[in-house]
Every structure is written in C-alpha cells, then in structure tokens.
Amino acid sequence: MKTVVLNRKLYGATAVRSAAEDFAELATIVVDSSGQDIAVTFDEIDPDVAEVLVDEFLNFALAATVGGRG
Amino acid sequence: MQKEITINQKLYPLEVIYSTAYIYIDRCYVLLEKPGKDQVSVRLKAKPDCDEATFAELVGEFENELLNQTLRRKVAQRTEGVREAIVHRALFSAMPESIDLSLDDDDGDYLDDPLGIAVPWEDKFGQEKDE
C-alpha cells in the first residue's frame with residue numbers, strides 16, 4: 001500500500017477523483033479529500049504497471065486539474 | 001532520475017506553472033508540491049525510457065518554458081482589449097445589413113404574390129398540355 005498527499009491548492013479534488021476512476025482497473029485507489037490536503041491511497045496495484053502507476057496517476061491528476069476537471 | 005525545482009509564485013504565477021507542467025507531462029512525470037507560501041515545488045521524474053542526457057536537457061527546457069509561458073501570458077493580458085475589439089468588429093461586419101428584421105415597415109399583404117409562386121401547376125401549365 002502506498003499513500004501520496006496532494007496539496008489542495010495545487011490539485012483539484014474532483015480532478016483527482018476523476019483520475020482515480022480512470023485508473024480503477026489497474027489498482028484500488030482511495031481518494032480522501034476530507035482533510036486539509038488530498039490523500040490518495042494505492043493498493044492491489046496491477047503488477048504489470050506497478051513501477052509507473054503512481055507517477056502516471058499523478059500526471060493524470062495534474063492534467064485533469066489543468067484541464068478544468070478539478 | 002529526478003529533479004526538484006522550487007519556483008517563486010511572485011515571479012511565475014500558478015497559471016504559468018500549470019501550463020508549463022502540462023506541456024511536459026507526456027515527456028516526464030510531474031508532481032507539484034507547496035513547500036511554503038508563494039512557493040511551488042515541481043518534481044520532474046524521468047520516464048523509464050528516458051536517458052540521463054535527455055533528462056538533463058528536458059529539465060533545462062522546462063525552466064526555459066516557464067519564462068516562455070510567462071511572456072505569453074503577459075502578451076495575452078496586454079493585447080486582450082485589442083483582441084476583443086477585433087473579434088467584435090469581425091462579428092459586427094459579418095452581420096448582414098440588408099436584412100431588416102423589424103416588422104414596422106412591412107406594408108405588404110400576405111395575399112400578395114408578385115412572383116406567382118402561389119399559382120398551382122395545373123392553372124399555369126395544365127390547360128396548355130390538355131389542348
């Protein structure tokens with residue numbers, strides 16, 4: 001299990017949730033935006049993409065934020 | 001391989017950092033963090049197929065792109081009024097002047113048929129054919 005904390009001023013909670021939906025088939029991703037920041041927990045990651053999944057997810061979340069999905 | 005760049009938001013607004021990061025997300029992994037007030041930290045991480053020299057070049061390009069995007073933003077802000085005026089002028093010019101949509105000057109009768117389009121085909125040509 002791995003947790004990444006994203007700053008709410010930089011990442012949109014809706015964008016992060018949207019990215020989590022996009023990656024739902026590759027891992028179990030839980031987005032907790034109830035606190036000051038957005039905590040994203042990754043579990044049961046597909047072994048084929050385990051090395052890059054978190055980084056790719058962060059790129060997706062950033063793209064969604066910049067693209068206005070956040 | 002990864003490199004962290006700390007950016008002063010007073011020099012590079014968040015909008016500029018976003019647009020620069022967006023350009024690079026297909027070439028490397030980008031993570032934004034906020035180490036302090038008016039500061040944004042950009043962590044660039046090489047993708048698996050990226051070698052060291054390419055990554056070093058990419059980091060340099062990223063920093064240059066920050067300047068580029070800042071300039072673009074400033075020019076866009078400076079010319080906003082001119083661009084709006086051009087669009088307004090273009091839309092206004094494209095409006096047909098000959099079409100008057102008001103009904104005030106319309107003194108025509110709905111029964112008028114100056115082109116004869118209301119005359120049935122049989123009345124116009126039918127009799128000639130029969131004869």
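Chain identifiers are assigned alphabetically (A, B, ...) following the order of the sequence lines, protein sequences preceding nucleic acid strands; residue numbering begins at 1 within each chain.
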Check whether [X] and [Y] end up in the same hydrophobic cluster, where Ile, Leu, Val, Met, Phe, Trp and Tyr are linked by side-chain heavy atoms less than 4.5 Å apart.
X	Y	value
I5(B)	L67(B)	yes
L11(B)	L32(B)	yes
F57(A)	V5(A)	no

Salt bridge check, D55(A) against R43(B): does any charged N sit closer than 4.0 Å to a carboxylate O?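 Yes, this pair counts.
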Are any of the side-chain heavy atoms of [X] and [Y] separated by less than 4.5 Å?
X	Y	result
E33(B)	N7(A)	no
V52(A)	Y29(B)	yes
N59(A)	K47(B)	yes

At a 4.5 Å cut-off on heavy atoms, which part of [X] comes close to chain A: side chain, backbone, both, or neither?
X	result
K45(B)	side chain
L14(B)	side chain
Y22(B)	side chain

Applying side-chain contact (heavy atoms from CB on, under 4.5 Å) between I25(B) and each of L62(A), V66(A), L58(A), report the one that passes. L62(A)
Heavy atoms of other groups near [X] [atom1], more than 12 under 6.0 Å:
X	atom1	result
K34(B)	NZ	yes
E15(B)	CD	no
R83(B)	CZ	yes
Q77(B)	CD	yes

Where is the tightest heavy-atom contact between Y18(B) and Y11(A), given as atom of each residue plus distance?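 Heavy atoms of Y18(B) and Y11(A) come nearest at OH-N, 4.3 Å.
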Measure E51(A) against the heavy atoms of chain B and call it side chain, backbone, both or neither at under 4.5 Å.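 When you check distances to chain B, no heavy atom of E51(A) falls under 4.5 Å.
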